[in-house]
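The structure appears right after this line, and notes come after that.
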2 protein chains.
Amino acid sequence: MTAATPPSSKPATLHDVARAAGVSLITASRALGQPAIVSEATRARVQAAVEATGYIPNLLAGGLKSRRSRMVAGILPALSVSQFLPTVQSLTVALHEAGYQLMLGQTFYDAVREDEVLAAMASRQPDGIVMMGLVQSERSRERLQRLGVPVVETWDITDRPVDMVIGFSHHAVGAAVADYFRARGVERVGIATGSDHRALQRRDGFVAAWGRDVPTAIVPAPSSLALGRQALGELLARQPGLQAVACSSDMLAHGVLVEAAARGLRVPQDLAVAGFGNAEFGEHMLPSITTVHVDGPEMGRLAAQLIVQRCQGQVPERAAFDLGFRLIERQSTAGGAPAGS
Amino acid sequence: MTAATPPSSKPATLHDVARAAGVSLITASRALGQPAIVSEATRARVQAAVEATGYIPNLLAGGLKSRRSRMVAGILPALSVSQFLPTVQSLTVALHEAGYQLMLGQTFYDAVREDEVLAAMASRQPDGIVMMGLVQSERSRERLQRLGVPVVETWDITDRPVDMVIGFSHHAVGAAVADYFRARGVERVGIATGSDHRALQRRDGFVAAWGRDVPTAIVPAPSSLALGRQALGELLARQPGLQAVACSSDMLAHGVLVEAAARGLRVPQDLAVAGFGNAEFGEHMLPSITTVHVDGPEMGRLAAQLIVQRCQGQVPERAAFDLGFRLIERQSTAGGAPAGS
DNA sequence: CTGTTAGCGCTTTCAG
DNA sequence: CTGAAAGCGCTAACAG
């Protein structure tokens, strides 16, 4: 063996590797980046030199010249909005498999912060951008278009995507829940919802399908159990004889269930409750929570695929994907006769 | 005004900005990076040129030369482990205020993955590294030390940190819960725990303080409500007359509560339950969940401060911080007399 | 306060 | 299959 890792000198560069392997700089580069076009013997020597020197490639330098950072930016309202975690998870994994890393940024539901975050991301030269939700401001829209990298908006659908979009109609989700309650004979219904754009769109869909306005408790995002309890209190004060509540998240629904229990209301006999998001806990609680399932992991997987394809110069056949949703009926609404008996 | 943003040509470089402002490249650079040492008039002209050209700095290029990426790597087991989110949140905010961005990596509780993630991060030249938990493998340890950037391990405490450490003793947490149950007269206790290192350390502390071995249901990470239900089933099968369960997370405790209700056990009269982490939902449920609180946000804030100080060449007075913890008694254990009455 | 020069570490040309 | 030269966009170092 030649020189091993020096105790604590400067980190090895590709130059050091090349010298240790007795090849030129560029050959070392190719042995690592495009092993197919290098002879096997050379490749092995370079590999050995990498081990010996403890070489770690510098992606800043590589990216500067190649204009490919092998990094994708992921923008979400906040990490604490657990709805997005499965999407972020599968996105991370799918990108990793393709040799990309995900860098997350949070907007906190604020259009100005969104633009700042996008600017910060842009300065790191991402190869693609995945948004959880649609782009908020016109300013951000233009910024994204000017960047010239593939953009995927997720968790919503629109006629006017910045580039590509994968999601479902929040309006349709709201309508489906309204239709479900009506089919069960519910007459006096309330809505407990977060204040974010998508949740309010679901509310709009609910009201449209319901046919008339619906008492609504709007709570600040991110939603929590405490806010769910509070929301039910408000709704009961405004709508005596309330029979059902549609919630904008399963955690909010959980809070509604707790508050209902605290007030001696039986669920679903006295009060039916539906959530959104199909969180893990909702399936196993007593009562289990009726909810709307959307395929979060698939959105992440597909977003990664589209970004990677575009980075490789391919043009995906479609630019918009409506993945739909599924209402899952559980105990919180599924008791025998509806309320008011 | 001079030339505005060309429709869709190449993105503007600092060179373009300098020319538009009629100054040299380096002056433009300084006007943006060290505005204090540039005359106000020049600064204003450069600023105007930035607007006119739509310039976005290229941090890859800047970082390559200055050897400061203005990026910090954050390593956690998985985003779905919600215990860490408050820490990640405050870390993100505190770093942002200091002009740094956080890049997250997940290890999935796997030492090999940990090392891969660290290698991937290292190739992006982070200015610092924050670990949620202690470094797992000796290999990763060495890698981190060789990197030569400040490292903060959090959410645990050790005599032998890689560099700096901010956390608390999991052993002591377990012991405190055991002492608490004993003081309440509990005799037959069980443990429901995730399989991760820290949770098992809390178990060790519990057993040590309890004085003899304790029936334990170990469930795979990440913990969930369903696993909590399952764990109580196992414990009841193995320990007839079980009076109390210590859980390694509030979500597991939630599951234990649900299973207890399903079996007609009253909490806390028939079964006392304690969790860990002080999750939001635990405070507002019925019964509310007794838990152990640790200051997640403070760990993030302090970690950011230490990293930033070290990046500025300062040497913090201390390299280890034990932030302690607090047992919060709530309804799930606080009923009148303990079980067995 | 401003400018010139050099070069970070790597990959893209273009030649063998 | 391998190599030499050039330069990505920016900032440190040293002048003025």
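These numbers come from the heavy atoms of this one structure, side chains and all, not from hydrogens, waters or symmetry mates. Letters A, B, ... mirror the listed sequences (proteins, then strands); counts begin at 1.
- Checking A:Gly63 against B:Gly22, the closest nucleotide of DNA chain C that is more toward the 5' end is the one next to B:Gly22.
- Look at B:Ser66 and you won't find any side-chain N or O under 4.0 angstrom from OP1 or OP2 of D:dT11.
- OP1 or OP2 of C:dT2 lies within a sub-4.0 Å distance of a side-chain N or O belonging to B:Thr42.
- At the heavy-atom level, B:Arg30 lies under 4.0 Å from base atoms of the strands shown.
- Whole-Å rounding puts the B:Ile37 CD1 to D:dA13 P distance at 13 Å.
- Atom CD of B:Glu40 has 12 or fewer heavy atoms from other residues, nucleotides or ligands within 6.0 Å.
- In the model, B:Ser69 has no side-chain atom that pairs as donor or acceptor with a side-chain atom of B:Gln125 under 3.5 Å.
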Where do A:Glu138 and A:Arg160 land on the salt bridge (charged side-chain N to carboxylate O under 4.0 Å, His left out) test, with the steps shown first?
CA-CA 12 Å; A:Glu138 203 55 36; A:Arg160 193 164 154 271; 3.3 Å; yes

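- With the nearest nucleotide of DNA chain C identified for both B:Glu40 and A:Asn58, B:Glu40 has the one nearer the 5' end.
- Both the sub-6.0 Å distance and the 45° axial angle are satisfied by A:Arg70 relative to the ring of A:Tyr100.
- The separation between B:His15 atom NE2 and D:dT11 atom P is 15 Å, rounded to whole Å.
- Rounded to whole Å, the distance from CG on B:Leu25 to P on D:dA15 is 20 Å.
- Put simply, CD1 on B:Ile166 and CZ on B:Phe321 are 6.5 Å apart, with the number rounded to the nearest 0.5 Å.
- For B:Leu59 and D:dC8, the CG to P distance is 18 Å, given to the nearest whole Å.
- Computed from coordinates, the B:Leu60 CG to C:dC8 C1' distance equals 13 Å when rounded to whole Å.
- Nearest-nucleotide positions on DNA chain D place A:Val38 closer to the 5' end than the other of A:Val38 and A:Ala61.
- Proximity of residues 115-124 of chain A to DNA chain D (heavy atom under 4.0 angstrom from any strand atom) is not detected for any residue.
- Among the nucleotides D:dG3, C:dG3, C:dT2, the one closest to the side chain of A:Ser24 is D:dG3.
- Distance NZ (A:Lys65) to P (D:dA5): 15 Å, rounded to an integer number of Å.
- Summary of the strand contacts: A:Leu64 and B:Ser29 both lie near DNA chain D, and taking for each the nucleotide with the nearest heavy atom, the more 5' one is attributed to A:Leu64.
- Rounded to whole Å, atom C1' of C:dA6 lies 14 Å from atom CZ of B:Arg67.
- In the displayed structure, B:Arg139 atom CZ is contacted under 6.0 Å by at most 12 heavy atoms of other residues, nucleotides or ligands.
- Here D:dG9 presents its C1' atom at 13 Å from CG of B:Leu32, a figure rounded to the nearest Å.
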The test is side-chain hydrogen bond (donor to acceptor under 3.5 Å, both in side chains); show your working for A:Asp115 and A:Ser140 and say whether it passes.
CA-CA 5 Å; A:Asp115 200 58; A:Ser140 294; 3.1 Å; yes

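- Salt bridge A:Asp127/A:Arg67: absent, no basic N to carboxylate O contact under 4.0 Å.
- Here the nucleotide nearest the side chain of B:Thr27, chosen from D:dG3, C:dG3, C:dA6, is C:dG3.
- Close to C:dC8, at under 4.0 Å from its OP1 or OP2, lies no side-chain N or O of A:Thr13.
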